[in-house]
Chemist: 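Input: one structure, supplied below.
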Amino acid sequence: MKEGAYEKIYQVVRAIPRGSVMTYGSVARWAGLPGRARQVGYALHRLPESVEDVPWQRVINARGRISLPHWEGAGAYQRSALESEGVHFDGEGRIDLSRYEWHPEVGRVGLDKSKKTR
DNA sequence: CATTTGACATCTT
DNA sequence: TAAGATGCCAAAT
């Protein structure tokens, strides 16, 4: 198995702590794929449903909104899942990134979530 | 093998 | 704030 790059993406997403979110651009950056945010979304799209190890729901776009059409199952599920984690949506369905976006520490791509619990 | 498409981002109008 | 253009790259057609 190789894939390599995509594995790294899943690895970063798995490290996102509950109640926090990351943008596609940030995930790509921390996965060692700067500028390839699109591939991150594509990788998550191809992600099997049975894989619960990867909290893809905590990944949103740079505008702080869910990229999935809310009229489809996945979109509605993503929002309800985030709300149940404590993430607040404003009147326009947007999330305050300056407050919920997670910033992993430099030099380590997460994997060590037992760091400062806020 | 050429073209299109897509869970995005960023800059410019 | 919105809309258009451009960059990126794997998978589908």
Side-chain angles (χ1 to χ4, degrees):
Chain A
M1 21 286 245
K2 349 156 46 302
E3 283 18 83
Y6 279 20
E7 269 301 315
K8 197 60 179 297
I9 290 174
Y10 299 140
Q11 192 175 358
V12 173
V13 176
R14 284 193 195 97
I16 303 176
R18 191 168 186 279
S20 297
V21 298
M22 270 184 92
T23 64
Y24 293 91
S26 291
V27 173
R29 190 182 224 168
W30 291 106
L33 301 171
R36 281 161 228 183
R38 228 168 178 173
Q39 266 45 47
V40 173
Y42 208 71
L44 295 180
H45 176 68
R46 288 178 50 76
L47 196 60
E49 299 175 18
S50 43
V51 180
E52 296 182 10
D53 298 326
V54 184
W56 57 269
Q57 0 199 42
R58 295 177 189 150
V59 183
I60 59 179
N61 61 33
R63 297 182 234 167
R65 310 182 88 174
I66 291 176
S67 292
L68 293 171
H70 42 267
W71 56 80
E72 285 183 15
Y77 168 70
Q78 177 167 23
R79 174 162 179 164
S80 61
L82 288 176
E83 291 184 315
S84 69
E85 290 186 357
V87 178
H88 176 71
F89 285 76
D90 69 3
E92 299 188 16
R94 290 187 304 201
I95 296 174
D96 185 348
L97 288 176
S98 64
R99 180 178 165 177
Y100 295 105
E101 184 173 28
W102 182 54
H103 301 284
E105 294 180 24
V106 181
R108 78 173 60 164
V109 187
L111 310 198
D112 187 272
K113 60 251 184 121
S114 55
K115 224 18 196 172
K116 73 175 308 184
T117 325
R118 75 82 79 158

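Only heavy atoms go into these numbers, but all of them, side chains included; no hydrogens, no water, no symmetry mates. Chain naming here is simple, since letters A, B, ... match the order of the sequence lines and numbering starts at 1 in each.
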Chemist: Could you check how far CG of A:Leu44 sits from C1' of C:dC9, rounded to whole Å?
Modeler: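 To the nearest whole Å, that distance equals 15 Å.
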
Chemist: Could you give the CD1-to-C1' distance, from A:Ile66 to B:dC8, as a whole number of Å?
Modeler: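 Going from CD1 in A:Ile66 over to C1' in B:dC8 covers 15 Å.
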
Chemist: Rounded to the nearest angstrom, tell me the gap between atom CG in A:Leu82 and atom P in B:dA7.
Modeler: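 The distance from CG of A:Leu82 to P of B:dA7 comes to 18 Å, rounded to the nearest Å.
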
Chemist: For the side chain of A:Gln57 and the backbone of A:Gln78, is there at least one donor-acceptor N/O pair under 3.5 Å apart?
Modeler: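 Checking the backbone N and O of A:Gln78 against the side chain of A:Gln57, no donor-acceptor pair under 3.5 Å is found.
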
Chemist: Which of these nucleotides, C:dT1, B:dG6, B:dA9, is closest to any side-chain atom of A:Tyr42?
Modeler: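 The answer is B:dG6.
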
Chemist: Has the side chain of A:Arg38 got a donor or acceptor atom sitting under 3.5 Å from an opposite partner on the base of C:dC8?
Modeler: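 Indeed there is one.
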
Chemist: Would you say A:Ser80's side chain and A:Ala76's backbone share a donor-acceptor pair under 3.5 angstrom?
Modeler: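 Looks like yes, one N/O pair under 3.5 Å.
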
Chemist: Please enumerate all residues that pass side chain to side chain donor-acceptor pair (under 3.5 Å) together with A:Arg79, with sequence neighbours excluded.
Modeler: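 So A:Arg79 forms a side chain to side chain donor-acceptor pair (under 3.5 Å) with A:Glu83.
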
Chemist: Choose from B:dA7, B:dT10, C:dC8 the nucleotide whose nearest atom is closest to any side-chain atom of A:Ala62.
Modeler: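 My answer, after comparing the listed nucleotides, is B:dT10.
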
Chemist: In this structure, how many angstroms lie between the P atom of B:dA7 and the OH atom of A:Tyr6, rounded?
Modeler: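 Taking atom P of B:dA7 as the reference, OH of A:Tyr6 is at 12 Å.
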
Chemist: Measuring from the side chain of A:Ser67 (C-beta onward, heavy atoms only), which nucleotide among B:dA7, C:dC9, B:dA9 has the closest atom?
Modeler: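 Of B:dA7, C:dC9, B:dA9, B:dA7 is nearest to the side chain of A:Ser67.
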
Chemist: What is the separation between atom CZ on A:Arg29 and atom C1' on B:dC8, rounded to the nearest whole Å?
Modeler: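 Whole-Å distance recorded here is 14 Å.
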
Chemist: Rounded to whole angstroms, how far apart are CD on A:Gln39 and C1' on B:dA9?
Modeler: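 One finds 12 Å between C1' of B:dA9 and CD of A:Gln39, rounded.
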
Chemist: Quick one: A:Leu33 CG to B:dA7 C1', roughly how many Å, whole number?
Modeler: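 For the pair A:Leu33 CG and B:dA7 C1', the rounded distance is 16 Å.
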
Chemist: Let me confirm one number: the CH2-CE distance from A:Trp30 to A:Met22, rounded to the nearest 0.5 Å.
Modeler: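 Spacing of CH2 (A:Trp30) from CE (A:Met22) equals 7.5 Å.
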
Chemist: Please report the distance, rounded to the nearest Å, between OH in A:Tyr24 and C1' in B:dG6.
Modeler: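 Distance, rounded to whole Å: 11 Å.
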
Chemist: Can you give the donor-acceptor pairs under 3.5 Å from side chains of residues 35-48 of chain A to other protein atoms, not counting sequence neighbours?
Modeler:
none

Chemist: How do A:Arg94 and A:Gly35 order along DNA chain C: which one's closest nucleotide is nearer the 5' end?
Modeler: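 Comparing both residues, the 5'-ward one is A:Arg94.
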
Chemist: Relative to the 5' end of DNA chain C, which residue comes earlier, A:Arg46 or A:Arg36, by the nucleotide with the nearest heavy atom?
Modeler: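 On the 5' side of the pair lies A:Arg36.
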
Chemist: Can you figure out which of C:dC8, B:dA7, C:dA12 approaches the side chain of A:Gln78 most closely?
Modeler: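 So the nucleotide nearest the side chain must be B:dA7.
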
